[in-house]
Amino acid sequence: MTFKAINRGQAAWRFCARCRGLFFDGYPTKGVCPAGGGHAAAGWIFFLPHDRPGPLGGQDQWRFCDRCFAMFWSGDPANQGRCPAGGAHNRQGYMFFLPHDHNGPGQTEWRFCDKCRVMFWNGEANKGACSAGGGHRAAGFVFKLDFTP
């Protein structure tokens, strides 16, 4: 059995080549990118578990923002981050449970930005565009996300 077969999850999550964030690419529009305009999908399609812990462990309280389409951490009710569409992120849909610090399949170096609260890829010197200003700033766990090549 594979990781995908034993967990409920959602595909269509993508890396944005402009802001370096993780966004939902399942709609005709591309949300609001902090680098301007809509997000620019690149690379793999990620499959993210929701509504219950996966077999690899992880962190809950990750949500979809219905204005910028980013994956953001909503675990602090007093701080829902900074959305590039203005104000705080607006959580909608599933409660995602994202795996971290494991030896299973997936792409590593996905991190939480402690300035805007989104998930971004920290695997290169370019830290993208953060809606709180400058590039993203990594904090917390090192997440490893499952993908479809």
Side-chain angles (χ1 to χ4, degrees), residues 3-4 7 9-26 30-85 87-149:
F3 181 58
K4 290 177 189 137
N7 281 292
Q10 183 180 50
W13 287 91
R14 303 290 300 271
F15 165 75
C16 176
R18 297 171 349 112
C19 71
R20 301 297 195 246
L22 184 67
F23 80 100
F24 185 68
D25 194 29
K30 303 300 178 193
V32 177
C33 178
H39 292 286
W44 294 311
I45 298 170
F46 293 92
F47 180 89
L48 304 179
H50 58 74
D51 296 328
R52 64 180 176 180
L56 302 173
Q59 183 182 46
D60 65 355
Q61 302 294 325
W62 286 93
R63 300 296 293 268
F64 163 74
C65 175
D66 67 354
R67 297 183 315 129
C68 70
F69 294 8
M71 175 66 68
F72 79 100
W73 190 69
S74 68
D76 179 356
N79 185 355
Q80 295 297 291
R82 187 171 299 171
C83 180
H89 292 290
N90 189 44
R91 63 181 181 241
Q92 291 292 313
Y94 300 118
M95 171 83 66
F96 290 91
F97 194 98
L98 301 184
H100 60 78
D101 301 309
H102 67 84
N103 292 322
Q107 183 185 41
T108 192
E109 293 305 322
W110 286 95
R111 301 294 300 272
F112 163 73
C113 175
D114 67 353
K115 297 189 308 179
C116 68
R117 317 298 270 190
V118 304
M119 177 72 68
F120 78 100
W121 193 65
N122 193 43
E124 59 187 33
N126 180 353
K127 302 306 176 199
C130 176
S131 55
H136 294 290
R137 184 171 61 202
F141 300 116
V142 177
F143 292 88
K144 188 182 261 189
L145 306 179
D146 196 14
F147 62 88
T148 302

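Since this is a predicted model, take the numbers as computed values, not measurements.
Side-chain contact between Trp62 and Phe97 is absent, with no heavy-atom pair separated by less than 4.5 Å. Between Gln107 and Leu145, the closest side-chain pair of non-hydrogen atoms is not below 4.5 Å. In this structure, His39 and Pro34 have side chains that are in contact, with non-hydrogen atoms separated by less than 4.5 Å. With a 4.5 Å cut-off on side-chain heavy atoms, Glu124 and Arg20 count as touching. The side-chain heavy atoms of Met95 and Gln61, taken from C-beta on, include a pair separated by under 4.5 Å. You'll find the side chain of Ile45 reaches within 4.5 Å of the side chain of Arg14, heavy atoms only. Proximity of Val142 to Arg111: side-chain heavy atoms (C-beta onward) are separated by under 4.5 Å at one or more points.
Between Asp51 and Tyr94 the shortest heavy-atom distance is OD2-CD2, 3.5 Å. Considering all non-hydrogen atoms of both residues, Gly87 and Arg67 come closest at C-NH2, 4.0 Å. Between Asn126 and Gly128, the shortest heavy-atom contact is OD1-N, 2.8 Å. Between Pro84 and Val32, the shortest heavy-atom distance links the atoms CG-O, 3.2 Å. Annotation for Phe47 and Gly9: closest pair CZ-CA, 3.6 Å, computed over non-hydrogen atoms. Summarising the geometry of Cys68 relative to Cys83, their closest heavy-atom pair is CB-SG, 3.7 Å, with the distance given to 0.1 Å.
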From CA spacing to verdict: side chain to side chain contact (heavy atoms under 4.5 Å, CB included), Phe69, Phe64: CA-CA 6 Å; Phe69 294 8; Phe64 163 74; 3.8 Å; yes

Test side chain to side chain contact (heavy atoms under 4.5 Å, CB included) applied to Gln10 and Leu48, step by step: CA-CA 5 Å; Gln10 183 180 50; Leu48 304 179; 5.6 Å; no

Check against ring pair (Phe, Tyr, Trp, His ring centres under 6.0 Å), Trp73 and Phe141: CA-CA 12 Å; Trp73 190 69; Phe141 300 116; 9.7 Å; no

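Listed by chain and number, the residues in a ring pair (Phe, Tyr, Trp, His ring centres under 6.0 Å) with Phe46 are Trp110 (sequence neighbours excluded). Legend: residues meeting side chain to side chain contact (heavy atoms under 4.5 Å, CB included) with Ala12, ordered by chain and number and at least two apart, are Phe24. Residues forming a ring pair (Phe, Tyr, Trp, His ring centres under 6.0 Å) with Phe112 (at least two apart in sequence, or on another chain): none.
Of the inter-residue distances, the one linking Phe143 atom CZ with His102 atom NE2 reads 10.0 Å to the nearest 0.5 angstrom. Atom OG1 of Thr108 is separated from atom CG of Asn103 by 10.0 Å, given to the nearest 0.5 angstrom. Here the CZ-OG distance, from Arg117 to Ser74, works out to 9.5 Å after rounding to the nearest 0.5 Å. With values rounded to the nearest 0.5 angstrom, Leu22 atom CG is found 6.5 Å from Met119 atom CE. Taken to the nearest 0.5 Å, the CZ atom of Phe72 stands 11.0 Å off from the SG atom of Cys116.
Without hydrogens or angle criteria, Lys115 side chain to Gly135 main chain gives a donor-acceptor distance under 3.5 Å. For Ser131 (side chain) and Arg82 (main-chain N/O), a donor-acceptor pair under 3.5 Å exists by modelled atom type. Side chain of His100 to main chain of Lys144: no donor-acceptor pair is present (N/O by atom type, distance under 3.5 Å, no hydrogens or angles).
Ring planes of Phe147 and Trp44: parallel class, angle under 30° (limits at 30 and 60°).
Among Phe96, Phe23, Trp121, the single residue meeting the ring-ring contact (aromatic ring centres under 6.0 Å, His included) criterion with Trp13 is Phe96. Between Gln80 and the choices Arg91, His89, Arg63, the side-chain hydrogen bond (donor to acceptor under 3.5 Å, both in side chains) rule is met once, by Arg91.
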